[in-house]
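Chain naming here is simple, since letters A, B, ... match the order of the sequence lines and numbering starts at 1 in each. Nothing here was measured: the structure is a model prediction, and the numbers come from that model.
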Number of protein chains: 2
Amino acid sequence: MARAPLTRDEVLVVAADLVKRDGPEALTMRKLAAELGTAVTSIYWHVGNRESLLDALVERTVADLGGIRPRGATPAERVVSVARTLRRQLRDHPHLVAMVHERGLTERMFLPAQQALVREVHAAGLRGAGAADAVRAVQFQVVGYVLVERNRERAPVQRPGEEELWDTALAEDDAALARSLSRPVDQDRLFLTSVRALVKSLLEPGSCS
Amino acid sequence: MARAPLTRDEVLVVAADLVKRDGPEALTMRKLAAELGTAVTSIYWHVGNRESLLDALVERTVADLGGIRPRGATPAERVVSVARTLRRQLRDHPHLVAMVHERGLTERMFLPAQQALVREVHAAGLRGAGAADAVRAVQFQVVGYVLVERNRERAPVQRPGEEELWDTALAEDDAALARSLSRPVDQDRLFLTSVRALVKSLLEPGSCS
DNA sequence: ACCTGAACACCGTTCAAGT
DNA sequence: ACCTGAACACCGTTCAAGT
């Protein structure tokens, strides 16, 4: 018996599943057709081509994000909380991050967060160009951090590897440092450290210059 | 007349040219063979397969990097100078950055810079785990920033676009901020601002807590 | 040791033809 | 309006056969 008529929505849902399971490079028009039980060419009628199919997927998931609620007593704390939620959301959609990055749509995705940041930066007393700089500095830092993180997690075995390079190099000079650098990065902690350091400088410029 | 015998080195040089000109995705075994004037299959004898060819290319260019000389009077200034050179080097090899990122070899590439940073952080009086954190925070920030930058430069036309979203939203509340956020990012300035803010907090933790 | 063409199993996309 | 198979122009890779 023939299958029910194909819909654009059905294509998107199944495609999203495929991407979530095996990554965007596994999303083949032919595999997708097989999964859908249709001819390859039917897909083209509904979504145009592979490129615009991926566009639609990104669009859809970007829309699902947003809705950031800052928490904390001080503006600085609330900015940090926005940064953390942002990072969490990005980490929960690893393939999406890659796709958004690939397609240069990062900016779009971060508009809700940007607006939340503007409010907090305002509350901290910043205005005008300085406020804009602060917002963007945080935004760039979070996105950048997540990109680097993803990169490290995907990284193959490193040869020579940080361990070998550091435990011998300056073990006698600063053993604790060598030990720290030879251990894998505690990414949660490093993220907090970095964001807090940045936010502190940005929001309290007068207090330590 | 027959061409001179193919060498592994010749393959790598021509492949590097192709990547530099049109990006890694344009590096096709068949195109490469055409450029070299040999059969596609000859390449396989010399470099194994496409994957290890790309490995070799990355390896080669990563080796060319390094050689970082910190400049400036204070440790903070020297750390900032390392960050700037790092960014410059990465921006000069845009395709390389993408390839290194893709292959998870970022860590490897940054070892020389990491060692320079350790020296400066030491000079600033930091030791042990705190020093390691500072080094990695800077490293993550620079790499992250360059990744975000590349992403933005590749970005297609943004719809809705930051302009429309900001000039109406809070024009009366903070016109200068709205104007700043609706203008394209001055990436050089934002980079300096971010790095300086981060470094200041990291190297002078006592001065503003 | 080095090079070759034929062949295999994949791609994305187009298009004329069906209903 | 929606679906189809055949066909086109690409991929990376293997392999038996040449010298």
Side-chain angles (χ1 to χ4, degrees), chain A residues 1-60 95 98-100 102-105 154 156, chain B residues 1-60 95 98-100 102-105 154 156:
Chain A
M1 55 190 249
R3 47 154 292 129
L6 195 60
T7 61
R8 178 186 158 86
D9 228 67
E10 197 187 350
V11 174
L12 290 182
V13 168
V14 175
D17 279 359
L18 248 162
V19 168
K20 187 167 274 175
R21 189 160 18 102
D22 303 320
E25 76 283 355
L27 178 60
T28 298
M29 300 305 265
R30 285 174 156 89
K31 254 187 225 157
L32 182 54
E35 204 96 350
L36 284 164
T38 51
V40 198
T41 41
S42 305
I43 301 169
Y44 283 84
W45 198 92
H46 288 282
V47 297
N49 55 16
R50 185 171 186 274
E51 205 57 15
S52 47
L53 168 58
L54 290 177
D55 279 340
L57 283 185
V58 170
E59 205 67 32
R60 171 174 279 235
H95 293 315
M99 288 174 65
V100 169
E102 233 171 70
R103 314 178 85 62
L105 292 171
R154 251 186 324 169
Chain B
M1 53 187 252
R3 46 154 294 130
L6 194 61
T7 60
R8 178 185 158 88
D9 227 67
E10 196 186 351
V11 173
L12 290 182
V13 168
V14 175
D17 279 359
L18 249 163
V19 168
K20 186 167 275 174
R21 192 164 12 105
D22 303 319
E25 76 284 355
L27 178 61
T28 298
M29 301 304 266
R30 284 174 156 88
K31 255 186 224 156
L32 181 54
E35 203 98 347
L36 285 165
T38 50
V40 198
T41 41
S42 305
I43 301 168
Y44 283 84
W45 199 91
H46 287 283
V47 297
N49 56 16
R50 185 171 185 275
E51 205 56 15
S52 48
L53 168 59
L54 289 178
D55 278 340
L57 282 185
V58 169
E59 204 67 32
R60 173 173 276 236
H95 292 313
M99 288 175 64
V100 169
E102 234 170 70
R103 315 180 83 63
L105 291 170
R154 251 186 323 170

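Side chains of B:Ser52 and B:Asp55: no donor on one and acceptor on the other come within 3.5 Å.
Contacts of B:Leu36 with the nucleic acid, taken as non-hydrogen atoms under 4.0 Å apart, are absent. Residue A:Ser42 is in base contact, counting any heavy-atom pair closer than 4.0 Å across all strands shown.
With C:dT13, D:dG12, D:dC11 as the candidates, the nucleotide lying closest to the side chain of B:Lys31 is D:dC11. When each of C:dG5, D:dC3, C:dG12 is scored by its nearest atom to the side-chain atoms of A:Pro5, the top-ranked nucleotide is D:dC3.
Between A:Arg30 atom CZ and D:dA7 atom P there is a gap of 14 Å when expressed in whole angstrom units. Here D:dC3 presents its C1' atom at 15 Å from CG of A:Leu32, a figure rounded to the nearest Å. Atoms CG (B:Leu6) and P (D:dT19) sit 20 Å apart, rounded to a whole Å. Here D:dT13 presents its P atom at 8 Å from CD of B:Glu51, a figure rounded to the nearest Å. If you take CH2 of A:Trp45 and P of C:dG12, they are 21 Å apart, rounded to a whole angstrom. A straight line from CD1 of B:Ile43 to C1' of D:dC11 spans 13 Å, rounded to a whole angstrom. Rounded to whole Å, the distance from CD on A:Glu25 to C1' on C:dC10 is 15 Å. Rounding to whole angstrom units, OH of residue B:Tyr44 and C1' of C:dA1 are separated by 20 Å.
Pairing of D:dA6, defined by two Watson-Crick or G-U wobble distances under 3.5 Å, is identified with C:dT14. When both distances must be under 3.5 Å, the Watson-Crick or G-U wobble mate of D:dT19 is C:dA1.
Under 4.0 Å is where a charged nitrogen must lie from a carboxylate oxygen, and between B:Glu25 and B:Arg50 no such pair does.
Phosphate proximity of D:dC3 to A:Thr38: absent, as no side-chain N or O sits under 4.0 Å from OP1 or OP2. Of the side-chain N and O atoms in A:Asn49, none sit less than 4.0 angstrom from OP1 or OP2 of C:dG12. In this structure, A:His46 does not reach the D:dA1 phosphate: none of its side-chain N or O atoms is under 4.0 Å from OP1 or OP2.
Mapping A:Val40 and B:Gly48 onto DNA chain D by nearest heavy atom places A:Val40 closer to the 5' end of the strand.
Contact annotation: side chain of B:Thr28 to base of D:dG12, donor-acceptor pair absent below 3.5 Å.
Between A:Met99 and A:Val58 the shortest heavy-atom distance is CE-CG2, 3.7 Å. Considering every non-hydrogen atom in both B:Asp22 and B:His95, the closest pair reads C-NE2, 4.3 Å.
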*For A:Leu27 and A:Leu53, what are the C-alpha separation, side-chain angles and deciding distance, and is it a side-chain contact (heavy atoms from CB on, under 4.5 Å)?*
CA-CA 10 Å; A:Leu27 178 60; A:Leu53 168 58; 4.1 Å; yes

